[in-house]
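Quick note: residue numbers are just sequence positions, from 1. Because the structure is predicted, anything quoted here is derived from the model rather than measured. What you see below is based on every heavy atom in this structure, not just the backbone, and it leaves out hydrogens, waters and symmetry mates.
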Amino acid sequence: MSNTNAMSAKDRISVLVDDNSFVEIGANITKRCTDFNMQEKSVPADGVVTGYGLIQNNPVYIYSQDASAMNGTIGEMHAGKIAHVYELAMKTGVPVIGLIDCAGMRLQESTDALAGFGKIYKMKAKASGVVPQISAIFGNCGGGVAVMAAMSDFTFMEQTEAKLFVNSPNTLDSNYTAKLDTASADFQKTASTVDFVVEGEAKLLASVRELVGILPSNNNETAFSEECMDDLNRTVSDFAAEIADPALALEDLGDNHFFLEVKKGYAKEMVTGFICLDGITIGAVANRTAEFDADGKEVAGYEARLTTAGCEKAASFIKVCDAFNIPVLSLTNVEGYATSIEEEKTIASAAAKLTAAFAEADVPKVNLIVGNAYGSAYITMNSKHIGADMVFALPDAKIGMMDAEVAAKIMYADEQDADLTAKAAEFAEQSGTEAAAARGYVDSIIAPESARKQLLYAFEMLYSKSEYPIGKKHGTI
């Protein structure tokens, strides 16, 4: 059961939507199962409140599970109500928000409940890439319901009361809840499913409102935030000092210093999230080499290398941006791939997914090289070679095969009398931004403090970009 201090299903909807804007549909629907004495049980609205409302004047469809009605379990009619919401959402081009508080499948309904799960899965798959899907977990979200949440574009989780699991902690080999609560938000925020962890139901619902405010309603619209009141020519004097931790750099770049980081606790070496430039929502992907606290102290360091988790995190994010016409910005600072036996099992396929995600995206794509850009890892990070529309570089950035000193040692390994310092300097000339710009691989070398206005102007010029991809069913990478 959910915490008795938690909001009711209808209360959550009231806090989420604009005042007096919610209209309930299917309020009189309830279970029709009579097995296991179910005819004697009252299940109001079959354990889920469904309807539509407004968030910042944007229409949305909502379902909110009621844990007070058979623990919010999903049965035949419960599933049918959620599926109907999806049908309406796709017809009207409106986002779907699911407020989850559910003990899983309703056992008394057996195969009918299983069929209901299948119906929801099918509708979520059909809606994927058509309308944004957001799940917010307040109580239990286990087993097949966890799969439902994972099929959403964005998943929120309440810090203290929410539980997300496919298998409960006590069923895992050599584990039990007291040892490691794998269903907790503290554990899940370091994994790949949850995008945002927020403490408190009211704050979580406010965060959902914030996200809806910067997303388009469907795949045929473009996302705008509120009118930009920030200076379009504002300089970012601290940008050069912040590039090691792009969460800070992106916050400095965005309108009114807005940056909404996605999957903040997972694969921290790769930063993903949303900023706005002149009111246009931009998806950002960036390599991180350090993490700073509020006082500017470095609390963690990371190698400038692509990892499996980082590549998959970024690739998934880019696909969502591309599906909903959200332009993509990358901040590149990478020297290669992670080097470990475990990474070697997966890094090639993960890097392939990231490369394909950048290459296949037909939204405006801009890359800013802020540090080193070495080898094929640099190509993967939204380079001109795989389709970036505009590429900028800071003056001290380096672009090439590898570090100059390492390259000199490799090239002249058999020549004992070689002047490695001179050879390294010669190689470095080919790795500077000027050399890359001379070959057309970089469009412009910009000062760090001018990054905001240069990127803003680039995206405004690319706003009307239109590409018609080769007809195919889908890629296989």
Between Q133 and S135: side-chain donor-acceptor atoms closer than 3.5 Å: no

R12/D101 ion pair, N-O < 4.0 Å: yes

K124-S152 side chain donor-acceptor pair, cut-off 3.5 Å: yes

S174 side, atom OG; L180 side, atom CG - distance, nearest 0.5 Å: 12.0 Å

Heavy atoms from other residues, nucleotides or ligands near CD of E303 exceed 12 (cutoff 6.0 Å): no

Approximate separation, where rounding is to 0.5 Å, of S168 OG and K163 NZ: 11.5 Å

Any side-chain donor near an acceptor of the partner, N325 and T222, under 3.5 Å: no

Residue pair D322 / K319, side-chain heavy-atom distance below 4.5 Å: no

Pairwise side-chain contact, V96 with M90, heavy-atom cut-off 4.5 Å (strictly under): no

Distance-only donor-acceptor check, side chains S68 and D66, under 3.5 Å: yes

Salt bridge D245-R288, side-chain N to carboxylate O under 4.0 Å: yes

Greater than 12 external heavy atoms within 6.0 Å of N20's CG: no

K465 NZ: over 12 foreign heavy atoms closer than 6.0 Å: yes

Salt-bridge contact D389-K365 (side-chain N to carboxylate O under 4.0 Å): no

Shortest non-hydrogen contact between V17 and I62, atoms and distance: CG1-CD1, 3.3 Å

Pair S8-D11, side-chain donor/acceptor within less than 3.5 Å: yes

F274 ring center near F317 ring center (under 6.0 Å): yes

Under 3.5 Å side-chain donor-acceptor pair for S237 and E449: no

Test: D255 and R452 ion pair at under 4.0 Å: yes

Audit row: R209, D18, salt bridge (Lys or Arg N to Asp or Glu O under 4.0 Å) steps and yes/no: CA-CA 9 Å; R209 286 179 58 87; D18 298 345; 3.0 Å; yes

Distance-minimising heavy-atom pair for S64 and A9: OG-O, 2.9 Å

Contact summary for V285 and I318, nearest pair of heavy atoms: CG2-CG1, 3.9 Å

Y52-E24 side chain donor-acceptor pair, cut-off 3.5 Å: no

Trace of the salt bridge (Lys or Arg N to Asp or Glu O under 4.0 Å) decision for D195 with K264: CA-CA 7 Å; D195 296 287; K264 185 176 182 179; over 6 Å; no

Exercise: identify the closest heavy-atom pair between G72 and Q65: O-NE2, 4.1 Å

Heavy-atom neighbours of N28 CG exceed 12 at 6.0 Å: no

T190 and Q188: CA distance, side-chain angles, deciding distance, side-chain hydrogen bond (donor to acceptor under 3.5 Å, both in side chains) verdict: CA-CA 5 Å; T190 65; Q188 289 295 332; over 6 Å; no

